[in-house]
A.B. asks: 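The structure under discussion is supplied below as structure tokens; questions concerning it will follow.
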Amino acid sequence: MKHTIEVPASVDLSLGKRARVQANGSDIALFNVDGQIYAIDDSCPHNGASLLFGKLDGRWVQCPAHGLRFDLANGCMRGGGMNVRAYPVDVVEGCIRITLPTPITDPQ
Ligand code: FES
């Protein structure tokens with residue numbers, strides 16, 4: 001199951017900007033690269049560093065901790081190995097929506 005969250009209008013994701021939002025108990029890093037919005041987990045799969053302020057090279061972000069690079073479009077690591085979770089983003093009439101997996105809830 002999946003659900004969609006809406007990025008608050010107060011979050012500035014104009015051209016070249018980055019932002020962090022919380023959803024499903026996780027931090028999601030958002031990037032506006034050349035007008036395209038990307039959403040990935042803000043936690044490097046190597047050792048958990050924040051990717052939000054990693055160096056960008058086009059749609060590739062470099063982890064500031066140890067330098068692994070990830071494709072913002074699909075979360076794949078350059079050269080393979082491990083991936084960061086990437087989420088579909090839709091922009092409708094200026095409203096940014098991220099599609100996330102439905103969180104697993106404790107049945108108790
Ligand atoms: S924590 Fe990102 S490369 Fe090590």
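Note that the structure is a prediction, hence the values are computed from the model and not measured. We count ligands from 1, going down the list as the structure has it; atoms in each ligand are counted the same way. Computed over heavy atoms, backbone and side chain alike; hydrogens, waters and symmetry mates excluded.
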A.B. asks: So, taking the atom named SG in C76 and the one named CH2 in W60, what distance separates them when rounded to the nearest 0.5 Å?
C.D. replies: 7.5 Å
A.B. asks: Go through R69 and M77 one step at a time and tell me if the side chain to side chain contact (heavy atoms under 4.5 Å, CB included) criterion holds.
C.D. replies: CA-CA 6 Å; R69 296 168 195 257; M77 187 179 92; over 6 Å; no
A.B. asks: Find, among atoms of H66 that are N, O or S, the one nearest to atom 4 (Fe) of ligand 1, and state its name.
C.D. replies: ND1
A.B. asks: Just checking, any donor-acceptor pair under 3.5 angstrom between side chains of Y87 and D41?
C.D. replies: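 Yes - a donor-acceptor pair under 3.5 Å links their side chains.
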A.B. asks: Relative to the heavy atoms of L68, which atoms of ligand 1 are at a distance of less than 4.0 Å?
C.D. replies: 3 (S)
A.B. asks: Does D12 have more than 12 heavy atoms from other residues, nucleotides or ligands lying within 6.0 Å of its CG?
C.D. replies: yes
A.B. asks: Looking at H46, pick out the N, O or S atom nearest to atom 4 (Fe) of ligand 1 and give its name.
C.D. replies: ND1
A.B. asks: Against D42, only a single residue in D27, V21, I28 fulfils side-chain contact (heavy atoms from CB on, under 4.5 Å); can you say which?
C.D. replies: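 One option only clears the test, and that one is D27.
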A.B. asks: Taking 2.8 Å as the cut-off, does C63 contribute an N, O or S atom near atom 2 (Fe) of ligand 1, distance below it?
C.D. replies: yes
A.B. asks: Do you see an N/O/S atom of C44, backbone or side chain, under 2.8 Å from atom 2 (Fe) of ligand 1?
C.D. replies: yes
A.B. asks: Within ligand 1, which atoms have a heavy atom of A65 less than 4.0 Å away?
C.D. replies: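 Answer, ordered by atom number: 1 (S).
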A.B. asks: What atoms of ligand 1 come within less than 4.0 Å of a heavy atom belonging to A49?
C.D. replies: 1 (S)
A.B. asks: Side chain to side chain contact (heavy atoms under 4.5 Å, CB included), that's the test. Do R59 and Q36 meet it? Break it down for me.
C.D. replies: CA-CA 9 Å; R59 71 180 201 200; Q36 178 73 45; over 6 Å; no
